[in-house]
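To keep things clear, I will list the structure first and then write my remarks on it.
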Amino acid sequence: MPRIKNPKVHSSSPLVLLRHIRDVMAQAASAQSRLDKVAALIADGFSSEVCSVYLLRAGDILELFASKGLKESSVHKTRLGVGQGLVGEIAGTAEPLNLADAGSHPKFEYRPETGEEVYSSFVGVPILQSGKVIGVLVVQSKKAQEYSADQVEVLQTVAMVLSELAISGQLVNVQEIKIATGGLIAQQLAGMRLSPGMAKAVAILHQPQLVITQYVASDTEHEKERFEKALRSLQESFDNYIQSSGLAPGDEQRELIETYLLFTQDRGWISRMTEAIVSGLTAEAAVKKVQEQLQAKMSQLASPYIKERIQDLEDLSNHLLQILLGKQIVPKQSDLPEAFILVARSLGPAELLDYDHKRLKGLILEEGSTTAHTAVIARAMDIPALGKVAKATSVIQPGDMVILDAEGCNVYVRPSYQIEQAMNVQIRGHQERQTQYEGLRDLPAVTRDGVHISLNVNAGLFVDTQNVLQEGVDGIGLYRTELPYMTSDHFPDVEVQRQLYAGMYEQLPGKRIIFRSFDIGGDKKVPYLQSGEEENPAMGWRATRIGIDRPGILRTQFRALISAAAGKPLHVMLPFIAQVSEFDAAYKLFEQEMALAAIKPSVVKVGMMIEIPSILWQLDALMERVDFVSIGSNDLMQFLFACDRGAVHMADSYDTLSPIMLRVVHEIIGKAATHKVEVGFCGEMARKPLDALALIGVGVRSLSVSASAIGPVKAMIRSVTLSELTEYLRYLLTSSEPTVRQWLAAYARDHEIEV
Ligand code: PEP
Ligand code: MG
């Protein structure tokens, strides 16, 4: 059979073909008749007898949805599995197939109902949506001809337009096809708890799909100009960032931006988008087309290096789309629903803070590892959050109803009626308990036998003043000052910090606020502080260690704190101290700043956290120096048991109610009493009523917990007789079991203690 290379496409200008398609779409007609007409136009445009559109149905079945040229009776009848036949091969590989003699291809599968045996040449391309195949577009001809690369490109452009039209419901009923983003069925996803609680609300995607409404260009030259302008604006924004950031050459962050800038000059990437514009697409449609192809390629790749590079180009495509569509990735606050759950692949702390925290009801992240800082903020905001939720951004679609159960570590997406009812019961139970706790607002935190327990709130950045300004809450037991450092791209200066701290005094008149000096570094990395690679960042260059090595940074913070306190009491707490000499060094810096202060605080108390085990052997020396201490069980547990506090798979290996931990706390309390030093407890375990019960049983009289735990912990305190409990704890402390949890829970049950 003679081969004819590169046959002339009849309306070879893709522009003409796209315009014809646009005209068909403008006509009032059913979705099916539009699709039939579009198939006929494409066949005509390619001077070929056949054009067929296959779309993916549930169960990964490719169904012939429309055809010009194949037997009409085969439409909606012919079905192929992914990987089956030539069409299935294209769907499976997400790559085009261009064959002069289709019948001789090993994957060819004869379907008598279609009557396709007379057609020799075959060109098919995937129809992609978000990088995933949702169908296949095929052109066939009797002549044994190989289509040119340009023609394959044109067919891909047409496929992209078809994809947009199909997904928007203009060509098919979307309920009929399997949308690549995961379909419409209810799903349950599991995750790892970053912050407790429960919420039900609609989902918002942090990087929503940017919707293109205009894909066929009416003026190609104009589109080229728009594209070039957007590209220039993108390059300029990187350039400006480099100039204004003050980052030195060789700085890691600067190198990253410079690499991005280089990517924006990638010739291959730019010319593929320009070609797509020349073929008749608008600038945004061209960017999207190339992005779709990159996404499809990425899902086929094994090399993490190339994947990362393609990911960078994909991110750049998103930036370009934003510029062209004039949209921001973070939606305007006014566009957000009154209540929503935020879903993201990963999210920086600053990005999280861009959202109105009054409307934000929960957070779902796909990646857990990069979100440690975000998790701290989610807890500070007191919203439920789950990390490591696989496929969250592809399964959850914007506007989906989502139930986030961070207590049970599950996400229910588009829940069924039964699930919703069951979860409603749980959410109501949760809310009822909250209301019940509200009822305790005006009551003191006093045990049945009259012992007052000081209740305090852990906060950072902003504070839920409602919870602090209530009876029985003495103030802020731990204000994590590192959060503003983490959300900034440079060290916050004295004035910025002073305003923040002064704001706390204003919001909480008369309440004690314990400001913990910064615990940055280690796993709470700040971009402007280079510490080099550390194998164990939690035990690395962190907190007061940085402050002693770089006195300027710590003195700046002390200056801001002293000046914010002016005339009012100041409580400063130093974190992560391993030996008293470190306390002495940091205290000296504090004294230097105090000496310089124009207006002194009315009272000054300087304390430290007990969170590194080595300090337990210097307790006497320590108590002689400090005004107060606070036990940080999060770090103390991880170093005492050599068990990473962030390792999910070991989370249940050691219990906070181990008699070892309780004995350590008991010993600290004893030493502090001898030296008349106040002891607080600000680690996470205090937020759980049963754990808090153990703590007051071994002598703790001041607890600091996240705002949402104030109610449950106060309810527990008010239901306990402390003298009896203390007696029982004395006995439990002698246990050599790994945990005393079950004994304590039984005790609480028998004595009707609310835990
Ligand atoms: C702790 O370690 O217990 C603590 C309260 O500090 P952070 O969680 O901020 O390390
Ligand atoms: Mg700590």
Side-chain angles (χ1 to χ4, degrees), residues 193-196 349 371-382 385 455-461 463 476-487 513-526 536-547 557 571-578 582-583 586 607-616 628-647 651 654-658 661-662 664-665 668 679-688 691-692 694-695 700 702-707 709 713:
R193 185 187 306 132
L194 303 177
S195 176
T371 56
H373 311 156
T374 308
V376 172
I377 299 199
R379 282 196 293 273
M381 287 172 129
D382 208 15
L455 275 183
N456 300 270
V457 170
N458 289 349
L461 266 191
V463 60
I476 304 290
L478 166 66
Y479 183 83
R480 290 182 163 101
T481 62
E482 59 272 13
L483 299 189
Y485 288 82
M486 286 159 60
T487 54
I513 306 165
I514 299 182
F515 291 98
R516 178 175 77 177
S517 56
F518 57 70
D519 185 4
I520 50 173
D523 56 345
K524 295 176 190 167
K525 279 211 183 320
V526 291
N536 293 302
M539 295 194 272
W541 197 52
R542 166 179 171 188
T544 310
R545 292 174 180 173
I546 297 177
Q557 182 171 42
H571 291 78
V572 177
M573 176 157 73
L574 298 162
F576 217 64
I577 300 241
E582 291 162 10
F583 178 84
M608 59 167 265
M609 293 197 58
I610 297 188
E611 52 183 346
I612 302 181
S614 59
I615 202 71
L616 297 174
F628 64 92
V629 290
S630 186
I631 304 172
S633 57
N634 309 342
D635 279 315
L636 192 53
M637 267 302 282
Q638 80 165 335
F639 297 125
L640 210 49
F641 291 90
C643 182
D644 185 342
R645 67 192 256 190
Y654 301 95
D655 193 3
T656 44
L657 290 189
S658 135
M661 183 66 180
L662 296 177
V664 168
V665 176
I668 298 169
V679 187
F681 193 104
C682 63
E684 288 288 314
M685 72 179 268
R687 74 182 306 282
K688 301 182 208 142
D691 288 42
L695 293 173
V700 177
S702 175
L703 299 167
S704 192
V705 296
S706 52
V713 173

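Whatever order the structure lists them in is the order used to number ligands and atoms, beginning at 1. The first residue in the sequence is number 1, and the count goes up from there.
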### Query
Parallel, tilted or perpendicular: which describes the rings of Phe628 and His571, with under 30° parallel and over 60° perpendicular?
tilted
### Query
Val679 and Ser702: which non-hydrogen atoms are nearest, and at how many Å?
O-CB, 3.6 Å
### Query
What part of Met609, side chain, backbone, both or neither, has a heavy atom within less than 4.0 angstrom of ligand 1?
side chain
### Query
Which ligand 1 atoms are under 4.0 Å away from a heavy-atom of Glu611?
1 (C), 2 (O), 6 (O)
### Summary
side-chain contact (heavy atoms from CB on, under 4.5 Å) test vs Glu684 passes for just one of Val705, Asn634, Thr656, namely Asn634
### Shortest non-hydrogen contact between Arg545 and Ala578, atoms and distance
NH2-CB, 4.5 Å
### Side chain, backbone, both or neither: Leu478 near ligand 1, heavy atoms under 4.0 Å
side chain
#### Entry: For Cys682, atoms of ligand 1 separated by under 4.0 Å from a heavy atom
5 (C)
### Message
For Asp519, run the side-chain contact (heavy atoms from CB on, under 4.5 Å) check against Met609, Arg542, Arg480 and tell me which one passes.
### Response
Arg542
### Query
How does Arg645 reach ligand 1, if at all, at less than 4.0 Å between non-hydrogen atoms: by side chain, backbone, both, or neither?
side chain
### Query
Which pair of non-hydrogen atoms, one from Ala538 and one from Phe639, has the smallest distance, and what is that distance?
O-CZ, 3.7 Å
### Query
Which atoms from ligand 1 have a heavy atom of Asp519 less than 4.0 Å away?
10 (O)
### For Gly632 against Cys682, the heavy-atom pair lying closest together
CA-SG, 4.4 Å
### Subset of ligand 1 atoms that lie under 4.0 Å from at least one heavy atom of Ser633
3 (O)
### Task
Give yes if a backbone or side-chain nitrogen or oxygen of Asn634 is under 3.5 Å from a nitrogen or oxygen of ligand 1, and no if not.
yes
### Message
Suppose I only count heavy atoms of Gly683 and a 4.0 Å limit; which atoms of ligand 1 are within that range?
### Response
3 (O)
### Message
Quick check on side-chain contact (heavy atoms from CB on, under 4.5 Å): which of Asn456, Leu695, Leu478, Asp691 does Phe681 satisfy it with?
### Response
Leu695
### Query
Any idea which heavy atoms bring Ala686 and Ser704 closest together, and the distance?
CB-O, 4.3 Å
### Task
Output, by chain and residue number, all protein N/O/S atoms separated from the Mg ion (ligand 2) by less than 2.8 Å.
Glu611 OE1, Asp635 OD2
### Query
Does an N or O anywhere in Asp635 fall below 3.5 Å from an N or O of ligand 1?
yes
### Task
Would you give the length of the straight line joining atom CZ of Phe518 to atom OG1 of Thr481, rounded to the nearest 0.5 angstrom?
8.0 Å
### Query
Would you say Glu611's side chain and Ser633's backbone share a donor-acceptor pair under 3.5 angstrom?
no
### Query
Side chains of Ser706 and Asn458: do they bring a donor and an acceptor to under 3.5 Å?
no
### Query
What part of Arg542, side chain, backbone, both or neither, has a heavy atom within less than 4.0 angstrom of ligand 1?
side chain
### Query
Taking heavy atoms and a distance under 4.0 Å, where does Pro575 meet ligand 1: side chain, backbone, both or neither?
neither
### Task
Examine the proximity of ligand 1 to Arg516 and report which part, side chain or backbone, both or neither, has a heavy atom under 4.0 Å away.
side chain
